[in-house]
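Quantities reported herein were computed from a predicted structural model and do not represent experimental measurements.
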2 protein chains.
Amino acid sequence: MQHLEQMSDKPTTIKEIAKLLDISVSTVSRALNDHSSIGLITKMRVKKMAKELNYEPNQRAIQFLQGKSHTIGVILPELAESFFSAAISGIEDIAYKRNYTVLLAQSHDDADREKLLIEKMKMQRVDGLLISVSKTTNTYEHLEAFKKSNIPIVFFDRIPPVKNIHFVASNLESGTYEAVNFLLKKGHRTIGMINGPTNLVASTERKNGYIKAMTSHRLKFDPSLMLNCDLTEAGTIEAMDTFLNHKRKPTAIVTFNDYVALFAIRYARSLNIQINKDIDFVSYANLPLINYMDFTPIASVEQFPYKQGKKAADILLDLINKPKGDTDSETAYYNVVVESELIIGKEK
Amino acid sequence: MQHLEQMSDKPTTIKEIAKLLDISVSTVSRALNDHSSIGLITKMRVKKMAKELNYEPNQRAIQFLQGKSHTIGVILPELAESFFSAAISGIEDIAYKRNYTVLLAQSHDDADREKLLIEKMKMQRVDGLLISVSKTTNTYEHLEAFKKSNIPIVFFDRIPPVKNIHFVASNLESGTYEAVNFLLKKGHRTIGMINGPTNLVASTERKNGYIKAMTSHRLKFDPSLMLNCDLTEAGTIEAMDTFLNHKRKPTAIVTFNDYVALFAIRYARSLNIQINKDIDFVSYANLPLINYMDFTPIASVEQFPYKQGKKAADILLDLINKPKGDTDSETAYYNVVVESELIIGKEK
DNA sequence: GATTGTTGTGCAAACGTTTGTGTAAATTTA
DNA sequence: TAAATTTACACAAACGTTTGCACAACAATC
């Protein structure tokens with residue numbers, strides 16, 4: 001009975017239990033899994049011994065045997081952005097609920113690193129991949145290549161311009177429509193927009209929403225009021241300068257995200273412009289802390305990142321656990337749109 | 001030559017290569033690993049075929065065979081807190097550099113969830129665990145139990161009061177000392193401190209730093225000027241009320257972190273108190289965005305979370321790859337202190 | 001009392017890879 | 001030219017678990 005002191009040794013295996021009880025490993029395995037063909041007495045004996053030895057099944061062995069890792073890879077640009085830290089929480093919650101683990105990696109908005117990470121995820125044999133592509137990603141062969149590996153992949157938020165993919169994104173067009181509409185109803189007629197880089201789908205959607213709102217009010221779209229910006233502080237300031245020297249100086253500005261809004265507002269204040277008086281600002285919600293600031297956009301488009309993460313993870317796990325009949329998984333793609341919502345800030 | 005079209009099938013194995021070349025699997029394995037006992041011609045043939053079939057070694061199989069997962073588990077309270085999102089970047093960078101992957105999970109400051117996650121990490125057979133315990137964790141048996149599993153564990157930032165553990169933390173005592181010293185030099189004599197819950201080591205360290213600074217200026221420590229707070233907004237307001245009605249009303253306040261500082265400053269402003277005029281604020285750096293605010297602490301203690309994450313991961317990987325001779329690993333524990341630094345904000 | 005059915009268990013293969021050992025053939029040495 | 005050495009490969013075991021199949025023992029049926 002010296003089997004009790006091997007605690008701090010290697011983890012107990014099914015074999016040891018078998019040897020100690022003088023039965024076969026298959027019996028032990030079946031007993032632990034409550035297989036119907038094992039006698040009650042044997043089951044009890046096995047379970048008691050398993051508990052005594054602190055037996056825990058070696059998941060790595062099981063994963064290997066079954067050819068499933070029960071792990072999903074998640075690649076996202078930057079956890080420091082609260083959109084993504086909220087999204088990862090949604091992903092994680094779904095993953096753990098459905099008994100999957102999460103292998104995390106950040107691209108830090110570096111396309112090369114992203115490529116490496118994707119390769120690594122494939123080598124790690126993740127069961128599926130969730131990815132929000134980096135800002136700098138502009139070639140897509142590696143994504144196409146990954147698709148060939150038969151590992152399901154779901155894109156979220158930052159969707160690359162590639163055909164036949166599954167993705168989850170927020171409806172930026174309708175969100176922007178609402179935002180611009182809100183400004184129009186407030187009486188604004190000259191509305192500027194600091195948009196993102198043209199290679200992002202998100203920029204196009206915002207643009208479309210903007211145009212739609214304008215035309216629905218029978219206003220003509222003035223392209224000079226929509227500026228593309230690299231989302232840096234310098235780029236934002238440049239855009240602001242353009243607007244402030246514009247022959248049609250905007251009375252309201254919609255910014256691509258809260259960071260841009262912050263830069264723009266800070267710069268405007270330095271020029272003694274009265275925020276939300278001389279110029280109204282509307283943005284897209286990214287930063288929870290913006291609520292604590294003294295001068296914040298009067299409204300913002302909430303994109304529900306947590307919900308988006310949940311949804312994306314759910315879809316991925318559905319794809320992973322889809323029965324073999326691939327007939328429709330080859331033709332049907334999840335294109336899920338999470339509605340965004342215009343949140344109007346409390347007046348100060 | 002019909003082996004070229006099995007691309008979208010199951011991943012290629014070493015066996016298939018062996019069969020196609022009519023050699024043994026061991027030869028293929030050794031050829032791919034450039035083993036000395038394999039002829040040059042064979043190596044070339046194998047490598048060529050491997051490339052042709054897009055062979056990638058099955059890491060899961062290797063991990064299983066070697067009994068190593070090459071994965072570290074990371075459990076932290078909340079990625080939305082920028083301290084942790086910075087820390088995870090450091091962890092990730094080291095892990096990937098040293099060829100490990102990161103299994104991530106958030107406790108969301110829930111002790112029960114944390115317990116479950118630890119259990120799960122053990123079942124997943126991670127090679128090591130990195131953890132920053134949740135605020136609500138107040139029993140430590142599960143941590144002690146985990147140590148018995150022989151999986152190295154390194155704590156960082158939020159260290160539980162448990163003996164004989166490896167940890168990385170910032171030197172809050174010296175940071176606080178510097179902060180209080182800075183205020184004393186500015187002429188303040190009545191300095192309040194909104195500290196954290198007493199069960200956190202971090203609170204004790206701040207307290208010690210505070211006391212040290214005071215005594216070094218030959219000032220007596222007034223315990224009524226150090227309040228313990230649950231770090232919520234309500235708790236902060238309560239603490240502020242206590243201070244404002246104190247017979248020795250502080251002319252400067254040190255807060256546990258930026259969130260508390262925000263709550264305190266907002267509340268003070270609502271009472272028409274002039275920030276950094278009537279009362280000077282000093283805090284600990286958590287939020288990058290605090291720089292964008294109009295009223296921010298005049299100084300803050302930077303804790304270098306990225307560096308801390310890197311250091312913690314490095315230590316963990318060293319422990320994992322430590323040679324078998326356990327003689328000193330049983331007696332010696334890494335207690336690494338990352339120096340913090342007082343950052344004095346630009347005057348506005 | 002032979003046949004079928006049920007219950008409980010063991011054997012062995014399989015997953016993909018690495019690695020220790022065995023062994024031909026080719027080369028060098030005496 | 002036989003013996004010793006080297007070279008180049010194959011065989012098989014191992015990692016921990018699941019699972020199809022075989023098979024014994026026993027009970028129930030005709």
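The existence of a salt bridge linking E114(A) and K120(A) is excluded, since no basic side-chain nitrogen approaches an acidic carboxylate oxygen closer than 4.0 Å. Remark: E92(A) engages R113(B) in a salt bridge, criterion side-chain N to carboxylate O under 4.0 Å. Classification of K310(B) and D93(B) as a salt-bridged pair fails, no side-chain N sitting under 4.0 Å from a carboxylate O. Between K47(A) and D34(A) there is a salt bridge, since at least one side-chain N of the basic residue sits less than 4.0 Å from a carboxylate O of the acidic one. In this structure, R45(B) does not pair ionically with D22(B), as no charged nitrogen and carboxylate oxygen lie closer than 4.0 Å.
In this structure, F64(A) does not pack face-to-face on the six-membered ring of dT17(D), missing the 5.5 Å centre cutoff or the 30° plane limit.
Counting to the nearest Å, the C1' atom of dA10(D) and the CD1 atom of I14(B) are 14 Å from each other. When rounded to the nearest whole Å, the span between CD of Q63(B) and C1' of dT17(C) equals 12 Å.
Between H166(B) and Y333(B), the ring planes lie tilted relative to each other; the angle falls in the 30° to 60° range.
Residue L65(A) is in base contact, counting any heavy-atom pair closer than 4.0 Å across all strands shown. Residue T13(B) is classed as a sugar-phosphate contact, given heavy-atom separations below 4.0 Å to backbone atoms only. Nucleic acid contact for S26(B): base, since at least one base atom lies under 4.0 Å from a heavy atom of the residue. Among the atoms of the strands shown, base atoms are found under 4.0 Å from some heavy atom of R30(A).
Side-chain contact check for H70(B) versus T101(B): every heavy-atom pair is 4.5 Å or farther apart.
Closest contact between the side chain of N33(A) and the listed nucleotides dT17(C), dT18(D), dG16(D) involves dT18(D).
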Checklist entry - Based on Watson-Crick and G-U pairs with both distances under 3.5 Å, what dot-bracket line describes DNA chain D 5' to 3', crossing pairs as [ ] and inter-strand pairs as |? => result ||||||||||||||||||||||||||||||
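Contact between the side-chain N/O atoms of N58(B) and the OP1/OP2 oxygens of dC15(C) is not found at any separation under 4.0 Å. Under 4.0 angstrom from either OP1 or OP2 of dC15(D) there lies at least one side-chain N or O belonging to K15(A). Between S24(A) and dG10(C) there is a side-chain polar atom (N or O) within less than 4.0 angstrom of OP1 or OP2.
Near DNA chain D, defined here as any heavy-atom distance below 4.0 Å, the residues from residues 35-48 of chain B are S37(B), I38(B), G39(B), T42(B), listed numerically.
Aromatic ring centroids of F64(B) and F64(A) lie under 6.0 Å apart.
Here the CD1 atom belonging to I91(A) is positioned 15.5 Å from the OH atom belonging to Y100(A), to the nearest 0.5 angstrom.
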